Q: 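Below is a structure I'd like to ask you about.
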Amino acid sequence: MSKVLILMGSDSDWPIMKKAGDVLKEFGVEFNVRVSSAHRTPEKTMDLVQNFKGDCFIIGAGAAAHLAGVVAAHTVKPVIAVPINATPLNGVDALYSTVQMPSGIPVASMAIDGSKNAALFALQIIGTYDADIREKLEKYKKDMVAAVNKKDEALQQTL
Ligand code: RP5
């Protein structure tokens, strides 16, 4: 069963949102990817949200990005948002639209184009009940420490 629904306002968001899918694949977590817009296809969006049986949503949207907020309005499952850099405002428009949610309807906003972190956050949610995912996340962090140390050592050799 799909544990995560990656939902995007447009297929133009996919080059960024694909990175979230890649991380979920790496961890062996099933997910679906759909395109539906808060503004262009509001009924379809509501339908997708209400029929999703998994754990959490990852929402990518640019411009006046209301998709994550609209999804959050129709569910009590965690909503993780990725504001997309899609306009001449370089994603600040989407960030502000996403991050300033009114009290009562929380959305966990990542950085602009921060789709990889969105996937890791979703995995942390799944890891609260799935020991296998939790162990994989612990290994992921250890590998990151090793990679940073390796880069530091390599830099020292050049000085
Ligand atoms: C938003 O408008 C989408 O999430 C996308 O980031 C942006 C532009 O969409 P397109 O005009 O490329 O379809 O709703």
Side-chain angles (χ1 to χ4, degrees), residues 2-40 45 48-49 52 54-130 133-152:
S2 172
K3 296 191 173 199
V4 180
L5 176 58
I6 297 178
L7 182 60
M8 307 172 284
S10 170
D11 62 346
S12 62
D13 299 321
W14 182 233
I16 294 297
M17 297 308 290
K18 183 181 180 302
K19 293 175 198 163
D22 290 344
V23 173
L24 295 175
K25 259 188 210 160
E26 189 185 325
F27 279 74
V29 166
E30 279 185 54
F31 61 96
N32 285 343
V33 183
R34 302 295 301 266
V35 172
S36 188
S37 160
H39 309 109
R40 294 166 176 159
T45 298
L48 282 168
V49 174
F52 177 60
D55 294 327
C56 62
F57 296 89
I58 295 178
I59 308 295
H66 298 120
L67 187 56
V70 166
V71 169
H74 290 97
T75 184
V76 293
K77 293 179 178 177
V79 175
I80 307 162
V82 182
I84 303 280
N85 174 4
T87 77
L89 295 181
N90 299 321
V92 173
D93 43 1
L95 175 68
Y96 285 174
S97 301
T98 302
V99 83
Q100 290 291 353
M101 284 301 294
S103 180
I105 309 292
V107 162
S109 181
M110 302 292 109
I112 295 168
D113 290 349
S115 52
K116 197 171 166 180
N117 271 358
L120 290 168
F121 201 83
L123 290 164
Q124 288 175 339
I125 289 168
I126 296 166
T128 58
Y129 69 85
D130 184 328
I133 295 298
R134 204 161 54 240
E135 276 165 31
K136 285 180 179 168
L137 281 166
E138 276 158 11
K139 181 177 179 316
Y140 179 89
K141 279 211 162 171
K142 278 185 192 148
D143 289 350
M144 200 162 43
V145 170
V148 171
N149 286 339
K150 201 170 162 191
K151 285 177 191 171
D152 183 38

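Basis for what follows: all heavy atoms, side chains included, without hydrogens, waters or symmetry-related copies. Not measured: the values here are computed from a predicted model.
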Q: Roughly how far, to the nearest 0.5 Å, is CD of Gln100 from CG of Leu95?
A: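 One gets 8.5 Å once the value is rounded to the nearest 0.5 Å.
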Q: Does the side chain of Leu120 come within less than 4.5 Å of Leu137's, by heavy atoms?
A: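 Result yes, sub-4.5 Å side-chain heavy-atom pair found.
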Q: Does the pair Lys139/Asp143 count as a salt bridge with the N-to-O cut at 4.0 Å?
A: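 A salt bridge links Lys139 with Asp143.
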Q: Is any side-chain heavy atom of Ile80 closer than 4.5 Å to a side-chain heavy atom of Ile125?
A: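 Yes - at least one pair of side-chain heavy atoms lies under 4.5 Å apart.
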Q: For Asn32 and Leu48, what are the C-alpha separation, side-chain angles and deciding distance, and is it a side chain to side chain contact (heavy atoms under 4.5 Å, CB included)?
A: CA-CA 11 Å; Asn32 285 343; Leu48 282 168; over 6 Å; no
Q: Between Thr98 and Ser109, which heavy-atom pair has the shortest distance, and what is it?
A: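 Closest heavy-atom pair between Thr98 and Ser109: CG2-OG, 3.7 Å.
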Q: State, to 0.1 Å, how close Lys19 and Pro15 come at their nearest heavy-atom pair, and which atoms those are.
A: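 Closest pair (atom of Lys19, atom of Pro15, distance): CE-O, 4.1 Å.
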Q: When rounded to the nearest 0.5 angstrom, what is the spacing between OG in Ser97 and NE2 in His66?
A: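 So the OG of Ser97 and the NE2 of His66 are separated by 4.5 Å.
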Q: Under 6.0 Å from the NZ atom of Lys116, do we count more than 12 heavy atoms belonging to anything else shown?
A: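 Open.
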Q: Minimum heavy-atom separation for Ser36 to Leu67, with atom names?
A: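 Distance-wise, the nearest heavy atoms are O-CD2, 3.4 Å.
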Q: Shortest non-hydrogen contact from Pro83 to Ala111?
A: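 Heavy atoms only, the tightest pair is CD-O, 3.4 Å.
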Q: Check whether any side-chain heavy atom of Trp14 sits under 4.5 Å from a side-chain heavy atom of Val33, and report yes or no.
A: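 Counting from C-beta outward, Trp14 and Val33 do come under 4.5 Å.
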Q: Any donor and acceptor pair, going by atom type alone, linking the side chain of Asp130 with main-chain N or O of Ile126 inside 3.5 Å?
A: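 Between the backbone of Ile126 and the side chain of Asp130 there is no qualifying donor-acceptor contact (under 3.5 Å).
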Q: What distance do Ile84 atom CD1 and Ile112 atom CD1 have between them, rounded to the nearest 0.5 Å?
A: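 One gets 10.0 Å once the value is rounded to the nearest 0.5 Å.
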Q: Supply the atom-to-atom distance Tyr129 OH to Asp55 CG, rounded to the nearest 0.5 angstrom.
A: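 If I round to the nearest 0.5 Å, the distance is 3.5 Å.
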Q: Take Met8 and Ile16 through the test side chain to side chain contact (heavy atoms under 4.5 Å, CB included) and record every step on the way to the result.
A: CA-CA 10 Å; Met8 307 172 284; Ile16 294 297; over 6 Å; no
Q: Between Ala20 and Ala119, what is the shortest heavy-atom contact and its length?
A: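 That closest heavy-atom pairing would be O-CB, 3.4 Å.
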Q: Might you point out which heavy atoms bring Phe52 and Leu5 nearest each other, and give the distance in Å?
A: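 Nearest pair, atom of Phe52 first, then Leu5: CZ-N, 3.4 Å.
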Q: Check the pair Ile58, Met17 against side chain to side chain contact (heavy atoms under 4.5 Å, CB included), reporting the backbone distance first and the verdict last.
A: CA-CA 9 Å; Ile58 295 178; Met17 297 308 290; 3.6 Å; yes
Q: Take a 6.0 Å sphere around CZ of Phe121 and say whether it holds more than 12 heavy atoms from other residues, nucleotides or ligands.
A: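 Counting other residues, nucleotides and ligands, CZ of Phe121 stays at 12 neighbours or fewer.
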Q: I need the Ser37 OG to Leu7 CG distance, nearest 0.5 Å.
A: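 It is 9.5 Å, given to the nearest 0.5 Å.
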Q: Rounded to the nearest 0.5 Å, how far does NZ of Lys18 lie from CD1 of Ile6?
A: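 So the gap between those two atoms works out to 10.5 Å.
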